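See structure below.
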There are 2 protein chains.
Amino acid sequence: MIEARHLRVLRAVATTGSFSAAARELGCTQPAVSQQMKALESAAGTPLLVRAGREMRPTQAGEVLVRHAAGILAGLAAAEEEVAALAGLRAGRVRLVSFPSGSSTLVPTAVAAMRADHPGTRVSLVEAEPPRSVDMLRAGDCEIALAFRYDATPWGYHPAGGWGRDDLVARPLLTDRLVGLVPQEHPFADADEVGIGTLAEEPWIAGCPRCRGHLVEVCEAAGFTPRIDFATDDYPAVVGLVGAGLGVAVLPELAVESVRPKGTRAVRVSPAVQREVVALTLPDLARVPAVAAMLDRLEAAAHR
Amino acid sequence: MIEARHLRVLRAVATTGSFSAAARELGCTQPAVSQQMKALESAAGTPLLVRAGREMRPTQAGEVLVRHAAGILAGLAAAEEEVAALAGLRAGRVRLVSFPSGSSTLVPTAVAAMRADHPGTRVSLVEAEPPRSVDMLRAGDCEIALAFRYDATPWGYHPAGGWGRDDLVARPLLTDRLVGLVPQEHPFADADEVGIGTLAEEPWIAGCPRCRGHLVEVCEAAGFTPRIDFATDDYPAVVGLVGAGLGVAVLPELAVESVRPKGTRAVRVSPAVQREVVALTLPDLARVPAVAAMLDRLEAAAHR
DNA sequence: TCCTCTCCCCAAGGTTTCCTTATGGACGGC
DNA sequence: GCCGTCCATAAGGAAACCTTGGGGAGAGGA
């Protein structure tokens with residue numbers, strides 16, 4: 001079986017015309033070249049070089065191999081260069097999946113930093129929520145999945161069908177406090193903090209299905225069931241509804257930051273509600289340079 | 001440094017999707033595949049495979065290598081096949097140099113046998129005499145040089161400038177008796193054998209320069225200097241001149257065989273004169289299958 | 001013609017690489 | 001819950017590889 005090493009040596013011998021010169025070029029000793037060529041000739045089943053006096057000339061078979069070696073070694077060098085570009089962050093694609101509108105500040109900051117530091121890399125973004133995003137991760141449709149959770153349920157949790165394996169790598173980004181949002185003319189608009197129970201009679205505007213689920217849990221823990229008039233995962237819509245005086249809401253601080261809260265006021269609620277935002281990936285992918293770099297940028301963006 | 005072996009393993013893993021299956025395909029054990037891939041990932045500087053549960057999927061870098069591997073391994077296989085064709089005598093070119101008109105029977109027989117036995121091979125023929133043919137051999141302009149000599153001078157002998165190295169391989173083909181050629185009406189035309197001395201007063205027709213030189217030596221050893229009226233290395237011309245009664249000649253039996261000796265008679269001369277016909281090549285070339293096969297055919301043609 | 005330099009081959013030794021066997025942990029299917 | 005498959009790891013032996021040291025032969029110069 002002919003190996004690339006053989007061809008490298010053969011090419012060096014053919015171009016220099018001498019074993020010693022080839023050894024110098026390859027950075028090894030002359031007997032090493034001698035042995036490599038002997039091994040290659042043995043593999044080829046025919047002499048490859050004619051030792052006519054001092055001159056080393058390839059035979060017909062040698063010429064065949066030298067001719068092919070050019071293309072083969074060029075292909076190998078191209079492959080190595082391309083891989084080196086990926087390893088050296090001069091290239092690389094990171095497919096990011098994020099929960100909808102949950103990362104309006106995080107992702108742009110991280111992507112901008114990534115582009116600035118490693119212009120050759122590309123980051124693509126698709127929106128999906130767990131467990132869909134985790135499925136995409138496992139199916140190879142993305143490298144990083146941004147996710148959040150309110151409790152310690154596994155990331156692969158499927159509402160209707162058990163858990164996935166929990167072999168994911170979770171890089172904690174931030175714990176996002178949830179704040180109450182009330183119309184600015186609401187009695188509690190200027191309060192420092194309101195107990196969730198005091199909002200028992202208010203009409204509620206809920207966010208995404210999972211947020212809504214958690215809201216119900218928290219309220220029921222406080223002794224009431226919230227009356228949810230509207231549910232939408234579009235945070236500007238939530239803010240608009242609250243601003244119009246149609247109800248109150250609890251939503252992530254991050255979301256409030258990124259939406260102009262006209263006509264509303266944010267108040268702290270007790271008990272403190274927070275969600276954990278993490279970047280998920282697979283153990284092997286975490287060691288891919290572009291993925292690792294993107295994870296670092298996400299973490300930096302979260303800690304800013 | 002990426003080796004072809006790595007790419008073979010990677011391709012097998014990528015196509016089968018499993019280390020174990022790749023090992024079966026490659027005819028080795030699963031840990032061997034495991035180690036090869038670890039070595040390749042180390043050389044690449046980035047993970048190449050994502051171990052997502054049971055499934056083995058290439059990363060972006062892995063896909064790059066798999067993509068390049070196709071071309072590289074195809075090139076390698078093509079090179080191996082081409083070399084195998086040369087080694088297996090399904091291809092190959094032998095450049096033969098022969099002394100002029102000296103092998104009119106030998107070479108055609110051998111070439112015909114070569115073509116019959118190995119149709120893929122090609123034999124080319126150029127005429128030249130030593131030392132020119134030996135120079136061509138050393139310069140790589142041919143693989144086999146047919147030569148003859150009357151004594152033990154080295155094959156690389158240069159009339160005006162010493163000897164070449166004598167590192168040639170000489171395959172003896174035949175020892176060619178030289179016969180006298182006289183007009184058929186000559187007094188000795190029916191003699192069994194004539195002493196060379198009895199032809200001292202005849203006009204001579206000589207062959208090529210070296211043959212002529214040797215003729216003079218032999219005659220002087222017999223006590224006379226031949227009067228050479230014509231000298232040509234064209235054997236039919238020699239026969240024509242003798243047939244026209246313009247003189248006598250001594251020429252190789254092989255040459256007489258291949259020329260219709262009209263108007264002449266061949267007689268044995270004493271002392272017996274013979275020349276040694278050999279096929280010369282370089283030690284390494286002697287191991288090239290096509291060259292070795294051609295040498296065998298030449299020897300067989302000589303022994304027929 | 002002799003000397004010297006270079007080149008290649010050969011042999012021996014040590015290091016590294018490679019492959020195999022054996023074992024354990026994890027996942028998926030029945 | 002059991003079993004089969006798959007991969008990782010460790011340890012051992014085998015093979016490949018490279019280096020050092022020495023020898024023979026040719027080429028060029030004094």
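What you are looking at is a predicted structure, and each value in this text was computed from that prediction instead of being measured. Below, chain A is the first sequence line, B the second, and so on; all start at residue 1.
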query: Salt bridge check: are B:Arg90 and B:Glu81 linked by an N-O gap of less than 4.0 Å?
result: yes
- prompt: Starting at NZ of A:Lys38 and ending at C1' of C:dC8, how long is that distance when rounded to a whole Å?
  reply: 11 Å
- prompt: Is a salt bridge present between B:Arg67 and A:Glu82, judged by a nitrogen-to-oxygen distance below 4.0 Å?
  reply: yes
Minimum side-chain heavy-atom gap B:Phe148-B:Cys211 below 4.5 Å: yes
- prompt: Of all the choices, D:dA8, C:dC9, D:dC7, which nucleotide is nearest to the side chain of A:Arg51 once you look at every atom?
  reply: C:dC9
query: Could you give the CG-to-P distance, from A:Asp284 to D:dC6, as a whole number of Å?
result: 18 Å
query: In whole angstroms, how far is the P atom of C:dA22 from the CD atom of B:Gln30?
result: 14 Å
Minimum heavy-atom distance B:Pro289-A:Thr46, with the two atoms named: CD-OG1, 3.2 Å
statement: From CG of B:Leu168 across to P of D:dG26 the rounded distance in Å is 11 Å
query: Does A:Arg8 come within less than 4.0 Å of A:Glu3, counting only side-chain N to carboxylate O?
result: no
Output a table of nitrogen or oxygen pairs between the protein and nucleotides 16-18 of chain C separated by less than 3.5 Å.
residue, atom, partner, partner atom, Å
C:dC18, OP1, B:Arg5, NH1, 3.2

query: Between C:dC10, C:dC19, D:dT9, which one does the side chain of B:Ser34 approach most closely?
result: D:dT9
message: Of the listed nucleotides (C:dC8, D:dT19, D:dC6), which one gets closest to any side-chain atom of A:Cys28?
response: D:dT19
- prompt: If each of B:Arg24 and B:Pro31 is mapped to the nucleotide of DNA chain D with the nearest heavy atom, which maps nearer the 5' terminus, i.e. the 5' end?
  reply: B:Arg24
query: B:Leu26 CG to C:dC19 C1': how many Å, rounded?
result: 13 Å
message: Is any side-chain heavy atom of B:His68 closer than 4.5 Å to one of A:Leu76?
response: no
query: Do A:Val94 and A:Ser124 have side chains that get closer than 4.5 Å, going by heavy atoms?
result: no
- prompt: Is A:Ser18 near enough to C:dT6 that one of its side-chain N or O atoms lies under 4.0 angstrom from OP1 or OP2?
  reply: no
- request: Give the nucleotide from the list D:dT9, C:dC7, D:dT19 with an atom nearest to the side chain of A:Ala32.
  value: D:dT19
message: In whole Å, I'd like the distance from the CE atom of B:Met37 to the C1' atom of D:dA8.
response: 14 Å
Length of the CD-P vector between B:Glu3 and D:dC17, whole Å: 10 Å
Rounded distance in Å - CD (B:Glu55) to P (D:dC7): 12 Å
message: Counting the atoms with a prime plus P, OP1 and OP2 as sugar-phosphate, which does B:Thr29 contact under 4.0 Å by heavy atoms, base, sugar-phosphate, or nothing?
response: base
